[in-house]
Number of protein chains: 2
Amino acid sequence: MPDPKQTPMAQSLRQAGYRLTKPRMAVLQVLQENNASLNPEEICRRGKSIYEPLGLVTVYRTLEILDELGLVRRVHSEQHCHNYASAGIDRHYLICRECHRVIEFPCEGLHNLIEGVRQRTGYTITDHLLELSGLCPACQQKQETDQHSPANSD
Amino acid sequence: MPDPKQTPMAQSLRQAGYRLTKPRMAVLQVLQENNASLNPEEICRRGKSIYEPLGLVTVYRTLEILDELGLVRRVHSEQHCHNYASAGIDRHYLICRECHRVIEFPCEGLHNLIEGVRQRTGYTITDHLLELSGLCPACQQKQETDQHSPANSD
DNA sequence: GTGCTTGCAAACCCTTTGCAGTGAA
DNA sequence: TTCACTGCAAAGGGTTTGCAAGCAC
């Protein structure tokens with residue numbers, strides 16, 4: 001990532017008439033580098049390593065703007081409701097419960113399912129949210145390794 | 001509903017060793033009569049018509065117990081994260097954005113979809129949350145009626 | 001230089017906790 | 001009668017707002 005000002009997210013921000021400031025670039029960079037759902041506090045902590053004076057209030061305000069522009073998406077889980085994930089995440093995603101990484105998945109089957117529900121219930125369905133959670137391959141492997149290591153009885 | 005003490009939800013509460021008190025019965029009754037996702041404040045307001053002295057704090061505490069017993073489910077939506085719906089709602093439901101009614105739908109297709117995602121991504125998928133939202137038949141009809149009425153230009 | 005943006009402090013709101021009185025078993 | 005439960009008041013924690021200084025343009 002040679003120049004944060006050249007990323008698509010940064011460009012979108014400018015095109016929408018917002019100024020490209022250091023705090024905003026820091027938030028953008030955190031979300032781009034961590035493909036995970038993070039809460040504002042965590043984003044702020046990580047953002048401080050990029051731009052030290054970054055304040056939590058600014059993170060909130062920046063997230064609001066980014067959400068409005070569709071550059072980030074709020075991710076709901078059983079515990080947290082103010083987590084955010086980087087752009088490109090559509091309304092169906094897969095979260096690793098260990099590392100909180102978020103990925104999208106192809107959703108052809110989803111549209112069929114929704115159509116079926118519409119026919120059976122008579123509801124007009126205008127929106128959906130499908131959140132799957134589990135373990136990503138890396139965390140699965142890590143767990144197996146941990147189990148095989150005799151010292152680790154946690 | 002002749003006797004609220006005889007409902008399955010009330011029985012479950014007793015079986016779990018909790019006392020069946022008037023505030024709790026009021027909360028139960030609200031959730032049973034309104035198949036909608038309601039926030040604690042709304043539950044409290046409606047509960048007061050059943051048992052006037054009902055307090056918001058008790059609603060919170062009761063909801064916590066009911067959630068623990070699996071009698072109610074927390075429903076997440078884009079705006080609210082502390083809404084609750086009556087028991088029986090599994091992790092896939094359909095919310096009407098007008099009347100907030102919540103219904104479940106058959107989910108055979110969902111398991112296929114999840115299995116497909118598992119194969120493609122290598123993730124172990126242990127949990128899911130599928131929330132569809134739109135308009136229920138009643139609210140659709142109401143909207144059409146409103147459109148046909150010339151006085152209503154809202 | 002202009003005025004959008006920032007960070008601090010404080011306000012705000014929703015949720016949780018402490019406690020003494022109340023009532024279900 | 002006992003002690004789990006309740007409601008009030010207050011504390012708590014996360015989010016939003018007000019404002020003067022700062023900086024992108």
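Chain A is the first sequence line, chain B the second, and so forth, proteins listed ahead of strands; every chain is numbered from 1.
- Residues satisfying the salt bridge (charged side-chain N to carboxylate O under 4.0 Å, His left out) test with B:Arg14, not counting sequence neighbours, are none.
- In terms of the side-chain contact (heavy atoms from CB on, under 4.5 Å) criterion, residue partners of A:Thr124 (sequence neighbours excluded) are, by chain and number, A:Thr126, B:Leu135, B:Gln140.
- Sorted by first and then second residue, the pairs that involve residues 46-56 of chain B and meet side chain to side chain donor-acceptor pair (under 3.5 Å), not counting sequence neighbours, are B:Asn34-B:Arg46, B:Glu42-B:Arg46.
- In this entry the distance linking CD of B:Glu42 with P of C:dC13 reads 18 Å, nearest Å.
- No salt bridge links B:Glu64 with B:Arg61; every basic N to acidic carboxylate O contact stays at or beyond 4.0 Å.
- Screening residues 15-30 of chain A for salt bridge (charged side-chain N to carboxylate O under 4.0 Å, His left out), with sequence neighbours left out, gives no hits.
- Looking at residues two or more places apart in sequence or on another chain, you find a side-chain contact (heavy atoms from CB on, under 4.5 Å) between B:Ala16 and B:Tyr18, B:Leu69.
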Under 4.0 Å protein heavy-atom contact, by nucleotide of nucleotides 2-11 of chain D - B base, S sugar-phosphate only:
-BBSSBBB--
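- The separation between B:Gln15 atom CD and C:dA25 atom P is 14 Å, rounded to whole Å.
- The NE2-P distance, from A:His82 to D:dG13, rounds to 18 Å in whole Å.
- Atom CG in A:Asn39 sits roughly 15 Å away from atom P in D:dG13 (whole-Å rounding).
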